[in-house]
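Every number for a ligand or one of its atoms is a count from 1 in the order of the listing. Note that the structure is a prediction, hence the values are computed from the model and not measured.
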Amino acid sequence: MTVTHIIGGGLAGLACAVSLVEAGERVALYEAGPALGGRCRSYDDRALGCRLDNGNHLILSGNRAVFDWLDRFGMRHSLSGPGRAMFPFADLRDGTRWTLDLGRGRVPWWVLDRRRRVPGMRLGELASLGRLLRAGEATSVAACLALGALAERLLVPLAVSALNTPVETGSAALLAAVMRESLALGGAACVPATPAEGLSESLIDPARDWLLARGAVIRTGWRAAGLVAAGDVVSRIEGPEGGVTLDAGDRVVLAANAPVTAALASAVLPGLVVPDAFEAIVNLHYRHEDRLTPGLARAAGDVGRAGFVGVIGGLAEWIFLKPGVVSVTISAANHLADREAEGLAAQVWGEIRAALPPAAGALLPEGVPAYRLVREKRATFAATPEQARRRPGTRTARNNLFLAGDWTATGLPATIEGALRSGHSAAKACLAG
Ligand SMILES: Cc1cc2nc3c(=O)[nH]c(=O)nc-3n(C[C@H](O)[C@H](O)[C@H](O)COP(=O)(O)OP(=O)(O)OC[C@H]3O[C@@H](n4cnc5c(N)ncnc54)[C@H](O)[C@@H]3O)c2cc1C
């Protein structure tokens, strides 16, 4: 029986493996790191004495592939969130706090209700949404936005976090793809959620256990070093313990990130074009006493109910309240590459205390508590029109070689949703022969 060898144990590689095993195929998955999950993983932080996610990941109810994934392993219950499309915000510039409430239906009644919409927005600004949805492949997000509160307090933060790219260079078409599957479908597709315990517990470990129970081979700590071709097929994977020699009919799926894939495939797909510009994401995790968690959530009102708050006018973009930890995400963070940790942590801690409702902020100490700074330098490819054109499809010039990953041509920015879909597409292409 043929074997599909999958290189890379992030969500794309796992999704490909699960789809193939479901179709009755044999798979072997090789992951360079000590554990599966790639950019979507949890780990034990000894210094802070708690479990952390490498970065906060927000999921929306419109992420069909993510919810199919959770349902396949019976893990939908492992998410937490407000259960409705509510997004608390705080503007640090003038202290305004509000909760955007998109309701449940498809008709966007929220735009007519001052208590549910963005404070200070004019209805005329909604034309920005139409321009984004109609934008061509070469258009930037900024070119579609009308200046005003809707852009400043909703569309820019939405774009920066969805694309992980500044709006001046971010692709309007990629943002529109996200909007078509969320905002344009109404509140029911915009309910936010995060893994209650951790990314690995919700999204990675259940898939690993499912695969192992069905006979899949999973090798961690196994770093592929290159591919060798014979005729028009890949015949060998160079790697630890003498590598892997393929039998006739075997396939290879490269599901590592873009630069690694290009390097691994250099001998068998010379000239493969992949995204080559990236954006960082910075996460700061601040530890607080576990016993503070329930009181903090109660005092935070809507922020406690949602589990997060969006921040305007600061370095911090999203603040997440988690058990024993307050976590901050800063997207499109290349500009922070050289920023020294202590000053950054102090500035962001001050923003957290200011952004939370006063009763919750007062529960947190004035001094910066123990923290962990995680800089993911190549968190995602830069979602610009130029980089979008460099995304390859799943199939390659080699009959038995396929590509997967959030950076392949999924039509979406680099997200969990895109990574899962890319893995399923690679599996489909493998099966189609
Ligand atoms: C900080 C951060 C925050 C994010 N927030 C969100 C969010 O809120 N919502 C959202 O939807 N998405 C978010 N994302 C994006 C999401 O995490 C990614 O799109 C997704 O995890 C990518 O999965 P992947 O399988 O394509 O790639 P990866 O996760 O990068 O997987 C590739 C795997 O290949 C392995 N590998 C590399 N080289 C080799 C080799 N030579 N041999 C074997 N294995 C190899 C790597 O170790 C890795 O495990 C975030 C990402 C980051 C970094």
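Numbered from 1 in the order shown, with element, the atoms of ligand 1 that lie under 4.0 Å from a heavy atom of G405 read 26 (O). Below 4.0 Å from some heavy atom of G55 lie the following atoms of ligand 1, by number and element: 1 (C). Interface of G38 with ligand 1, defined as ligand atoms under 4.0 Å from a residue heavy atom, comprises 29 (O), 48 (C), 49 (O). Atom numbering of ligand 1 starts at 1 in the shown order; those under 4.0 Å from a heavy atom of G37 are 29 (O). Listed by number with element, the atoms of ligand 1 under 4.0 angstrom from any heavy atom of Y30 are 43 (C), 44 (N).
Taking 4.5 Å as the limit, every side-chain heavy atom of V325 sits out of range of all side-chain heavy atoms of F320. At a threshold of 4.5 Å between non-hydrogen side-chain atoms, the residues V326 and L296 count as touching. Between L272 and V274, the closest side-chain pair of non-hydrogen atoms falls below 4.5 Å.
The option with the heavy atom closest to atom 42 (N) of ligand 1, from among A12, A224, P240, is A224. Here the shortest heavy-atom distance to atom 4 (C) of ligand 1, taken over E31, H57, K377, belongs to H57. When C16, P413, A379, A263 are ranked by how near their heavy atoms come to atom 53 (C) of ligand 1, first place goes to A379. Nearest to atom 36 (N) of ligand 1 by heavy atom, out of A256, P192, A255, is A256.
Note that R208 lies outside the cation-pi zone of W210, set by a 6.0 Å cut-off to the ring centre and a 45° limit from the axis. Figure legend: cation-pi geometry between R219 and Y30 absent, as NZ or CZ is not positioned both under 6.0 Å from the six-membered ring centre and within 45° of its axis.
Under a 4.0 Å heavy-atom criterion, S422 is not in contact with ligand 1. The shortest heavy-atom distance from T329 to ligand 1 is not under 4.0 Å. For W407, the heavy-atom gap to ligand 1 stays at 4.0 angstrom or more.
One N or O on the side chain of T165 and one on the backbone of A383 form a donor-acceptor pair closer than 3.5 Å.
Salt bridge annotation for E25-R251: present, with a cationic side-chain nitrogen under 4.0 angstrom from a carboxylate oxygen. The pair R390-D276 meets the salt-bridge criterion, since a charged nitrogen lies less than 4.0 angstrom from a carboxylate oxygen.
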